[in-house]
Amino acid sequence: MTTVLIKDIGQHNGKQVTLKGWLYNRRSSGKIQFLIIRDGTGFIQAVLVQSEVSSQDWELATGLTQESSVEITGMVKEDTRSPLGYELAVETFAVIHSAEEYPISLKEHGVDFLLDHRHLWLRTPRQAAIMHIRNSVIKAMRDWLDTEGFTLIDAPILTPAACEGTTTLFETEYFGDKAYLSQSGQLYMEAAAMAMGRVYCFGPTFRAEKSKTRRHLIEFWMMEPEMAFVDHKQNMALQESMVKYVVKAVLDNHLRDLELLERDTAKLENILAKPFAKMTYDQAIQYLQSQGHEIQWGDDFGAPDETALANLHDGPVFVEHFPTAIKAFYMKPVPERPEVVLAADLLAPEGYGEIIGSSQRIDDLDLLLQRIQEQKLPEEAFAWYLDLRRYGSVPHSGFGIGLERFISWICGLSHLREAIPFPRLINRLYP
RNA sequence: UCCUCAGUAGCUCAAUGGUAGAGCAACCGGCUGUUAACCGGUAGGUUGCAGGUUCAAAUCCUGCCUGGGGAGCCA
């Protein structure tokens with residue numbers, strides 16, 4: 001007798017196996033009972049026929065509560081009536097723990113209730129599908145980076161000062177000093193790129209903004225590659241390659257999960273076939289003005305602007321050459337046009353917003369110093385960063401990809417909170 | 001911080017000034033192929049909180065609290 005996983009059940013057709021899992025649902029029809037069992041790898045229907053099990057087991061099953069943990073032994077049978085293709089004909093079973101009345105029924109629930117019960121919500125098929133895809137997205141990104149010669153360099157989470165001096169940071173006490181939770185590992189990656197050539201970090205980032213939209217989390221995961229001797233154009237090409245690699249990996253391995261999420265996979269297939277669209281900030285402003293948007297050259301895009309630009313295309317679109325004034329201090333100006341920078345945002349289609357922010361970095365010491373002074377950033381805090389321009393400075397570029405926005409787009413989610421196991425939102429630090 | 005919508009049974013929702021109800025979950029019973037099974041029954045309420053108007057308030061008014069959606073900011 002072997003304990004097997006539901007995802008591998010097809011390999012055991014016609015054989016006796018043991019499953020360990022939880023009761024997702026129970027239906028009965030007098031002398032036959034159907035137990036839907038989940039084990040974290042899948043869901044299977046176990047069939048109990050009264051005349052074929054002991055009366056003791058039959059009674060146990062009759063009183064089984066939702067989410068009780070069980071160990072079931074039976075015969076694997078192919079069955080076309082099952083969505084999985086297989087069922088388990090139960091022979092014996094044991095209750096490991098009889099669950100108390102379970103709060104999450106199989107009917108609809110509101111967002112507030114589900115978020116309060118996130119620790120239990122994760123057990124549902126939809127959330128399990130998203131978490132499996134999240135795992136594959138991370139794995140695919142790292143696989144791609146490995147084959148492209150990147151080295152993982154972990155950036156610190158406690159930092160002495162603002163990385164970019166823009167967003168609101170979480171402040172904490174650090175042995176009498178102040179420290180801040182990281183909003184980006186980029187500056188550290190620039191140091192690492194000068195050491196290892198191609199590097200990336202992957203970890204949580206924190207923004208204390210009082211954002212209250214479906215596109216924002218207080219704590220989210222960001223992957224930030226940084227490459228020495230790579231310019232703005234090569235940077236964009238690498239981003240496109242990575243995004244396509246990851247989307248293809250999910251399509252190859254998660255069709256059933258995407259189907260469960262009711263994702264239109266044709267829209268994902270479609271982006272693999274052709275190059276991503278590109279437009280300049282100038283063109284974007286011109287287009288938005290022609291559509292009646294209240295926006296001037298020099299303004300940053302609002303959410304409705306981004307959506308309008310994304311809707312111009314059926315795939316992701318790069319918007320490049322943003323005004324220097326609205327972008328971070330370290331971005332390199334376009335040589336013949338210093339009022340714009342060698343930066344690009346990648347906007348996901350279908351209104352999912354910016355999933356990548358990228359730029360070529362300033363490699364000239366004097367210009368970088370000037371920018372730090374212009375933006376009134378604390379020069380001392382950036383002394384080590386300026387050092388990178390003193391000892392063998394080279395052209396270099398990098399990008400940051402927001403994991404949850406990427407996942408939300410791939411899965412077709414309506415809110416980022418479903419893309420992370422335990423979302424931190426404004427007013428929500430539990431569970 | 002601003003705009004907007006909402007808060008009624010464990011959950012999802014009805015009840016628009018006149019006796020607080022349904023479905024699901026729970027509990028009891030029925031059914032040998034159910035797919036959020038179905039059928040019958042039982043139990044379950046300080047209508048977010050405080051005040052006001054009224055013969056009468058879940059319902060109208062004021063304030064507060066909590067949450068949803070959006071804006072700004074960003075990935």
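Within every chain, numbering begins at 1; the chains are lettered A, B, ... in the order of the sequence lines, protein sequences first and strands thereafter.
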How would you label the contact of A/Leu403 with the nucleic acid (heavy atoms, under 4.0 Å): base, sugar-phosphate, or nothing? nothing
message = What contact category does A/Leu416 fall into here, base, sugar-phosphate, or nothing, at under 4.0 angstrom with non-hydrogen atoms?
response = base
The answer to which of A/Arg405 and A/Thr65 contacts RNA chain B further toward the 5' end, by nearest nucleotide, is A/Thr65
note: A/Gln50, atom CD; B/U34, atom P; distance rounded to Å ~ 18 Å
A/Phe206 atom CZ is separated from B/A75 atom P, nearest whole Å, by 16 Å
Notebook entry, point to check: NA contact type, A/Gln66, heavy-atom cut-off 4.0 Å: base, sugar-phosphate, or nothing?
Noted result: nothing
If you look at every strand shown and take non-hydrogen atoms under 4.0 Å, does A/Phe113 touch a base, only sugar-phosphate, or nothing? sugar-phosphate
Q) Counting any heavy atom closer than 4.0 Å, what does A/Ser28 reach on the DNA or RNA strands: base, sugar-phosphate only, or nothing? A) base
>> Under 4.0 Å, heavy atoms only, any strand: does A/Ser51 hit a base, just the sugar-phosphate, or nothing?
In response: base
In B/S/- notation (B base, S sugar-phosphate only, - none; protein heavy atoms under 4.0 Å), nucleotides 64-72 of chain B written 5' to 3' is ---SBBBBB
A/Lys107 atom NZ is separated from B/G10 atom P, nearest whole Å, by 19 Å
Review point. Touch check for A/Asp345, heavy atoms < 4.0 angstrom, all strands: base, sugar-phosphate only, or nothing?
Key: nothing
Mind checking A/Glu108 for me? I need base, sugar-phosphate or nothing, with any heavy atom below 4.0 Å counting as a touch. base
In whole angstroms, the gap separating C1' of B/A36 from CD1 of A/Ile104 amounts to 14 Å
Residue set satisfying salt bridge (Lys or Arg N to Asp or Glu O under 4.0 Å) with A/Arg361, at least two apart, ordered chain then number -> A/Glu226
